[in-house]
Amino acid sequence: QVQLVESGGGLVQAGGSLRLSCAASGRSISTLHMGWFRQAPGKEREFVAAIMRSGGSTRYADSVKGRFTISRDNAKNTLYLQMNKLKPEDTAVYYCAADASLWMTTIGAEYDYWGQGTQVTVSS
């Protein structure tokens, strides 16, 4: 079974940048759609970004469009999220997820595998 481990979170000032990584093991992610989700304290998990198996198509939440970039390196079995122009409202635990279904989706319940999360805190 595939295991996902996020890294790269931390504390950053508003306007700064972070690059999150999600390392997969146990299975190649080349056959899986991948996504990033986040959950702030007291709030439900929300969709952030998704990327097709090949990396040729992406989707973004309106709140991060133009600031975040999702990418993948199937040869390294790794998913990335480049976060620029960070805002305090981006503060959350960020999770990577994998989807074995035919179609790429933005719905968290449809993803099959999840990482443990990495904390991102943006100070004002």
Side-chain angles (χ1 to χ4, degrees):
Q1 294 295 108
V2 63
Q3 289 184 291
L4 305 173
V5 180
E6 302 94 335
S7 62
L11 176 64
V12 65
Q13 288 184 289
S17 298
L18 283 174
R19 184 177 176 86
L20 305 184
S21 298
C22 175
S25 61
R27 176 182 174 178
S28 172
I29 63 169
S30 63
T31 61
L32 302 170
H33 303 301
M34 302 293 293
W36 287 99
F37 295 78
R38 67 188 183 187
Q39 187 169 24
K43 292 188 175 182
E44 261 301 317
R45 179 181 62 197
E46 67 174 345
F47 168 76
V48 176
I51 186 167
M52 188 178 286
R53 293 190 299 260
S54 67
S57 183
T58 58
R59 300 280 193 277
Y60 295 94
D62 288 342
S63 60
V64 307
K65 196 170 298 181
R67 299 188 298 120
F68 291 10
T69 302
I70 187 171
S71 62
R72 64 193 297 159
D73 188 336
N74 286 345
K76 295 181 178 179
N77 224 33
T78 303
L79 176 74
Y80 303 98
L81 184 68
Q82 179 67 47
M83 305 185 295
N84 298 325
K85 299 180 179 179
L86 283 161
K87 305 174 180 179
E89 51 263 46
D90 294 319
T91 295
V93 176
Y94 283 71
Y95 300 90
C96 68
D99 173 23
S101 66
L102 180 63
W103 296 100
M104 185 172 65
T105 180
T106 63
I107 307 300
E110 297 183 5
Y111 281 73
D112 302 290
Y113 307 101
W114 294 84
Q116 83 291 342
T118 185
Q119 177 70 48
V120 171
T121 303
V122 184
S123 62
S124 59

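What you see is a predicted model, and the numbers here were worked out from it, not measured in a lab.
Think of I107 as one node in a network of Ile, Leu, Val, Met, Phe, Trp and Tyr side chains linked at under 4.5 Å; it has no links at all. Clustering of Ile, Leu, Val, Met, Phe, Trp and Tyr side chains at separations under 4.5 Å places L20 together with V2, L4, V12, L18, I29, L32, M34, W36, V48, I51, Y60, V64, F68, I70, L79, L81, M83, L86, Y94, Y113, V120, V122. Using a 4.5 Å cut-off between side-chain heavy atoms of Ile, Leu, Val, Met, Phe, Trp and Tyr, F37 falls into a hydrophobic cluster with F47, V93, Y95, Y111, W114.
The main-chain N or O of R53 is found under 3.5 Å from a side-chain atom of N74 such that the two form a donor-acceptor pair. The closest donor-acceptor contact from the side chain of D99 to the backbone of G35 lies at 3.5 Å or more, if one exists at all. No donor-acceptor distance shorter than 3.5 angstrom exists from the side chain of S30 to the backbone of S28, with no hydrogens or angles considered.
To the nearest 0.5 Å, atoms NZ (K87) and OG (S124) are separated by 14.0 Å.
The neighbour count for E89 CD, taken as heavy atoms of other residues, nucleotides or ligands under 6.0 Å away, is above 12.
Judged by distance alone, the side chains of R67 and T69 never bring a donor and an acceptor atom under 3.5 Å apart. With no hydrogens or angles considered, a side-chain donor-acceptor pair links N84 and S17 at under 3.5 Å.
Nearest heavy-atom pair, R27 versus T31, reported as atom, atom and distance to 0.1 Å: NH2-OG1, 3.4 Å. For G117 against E6, the heavy-atom pair with the smallest separation is N-OE1, 2.8 Å. Between M52 and M104, the closest heavy-atom pair is N-SD, 3.2 Å. Closest approach of A40 to A92, counting heavy atoms only: N-CB, 3.8 Å.
Side-chain atoms of R38 and R45, non-hydrogen and from C-beta on, never get closer than 4.5 Å to each other.
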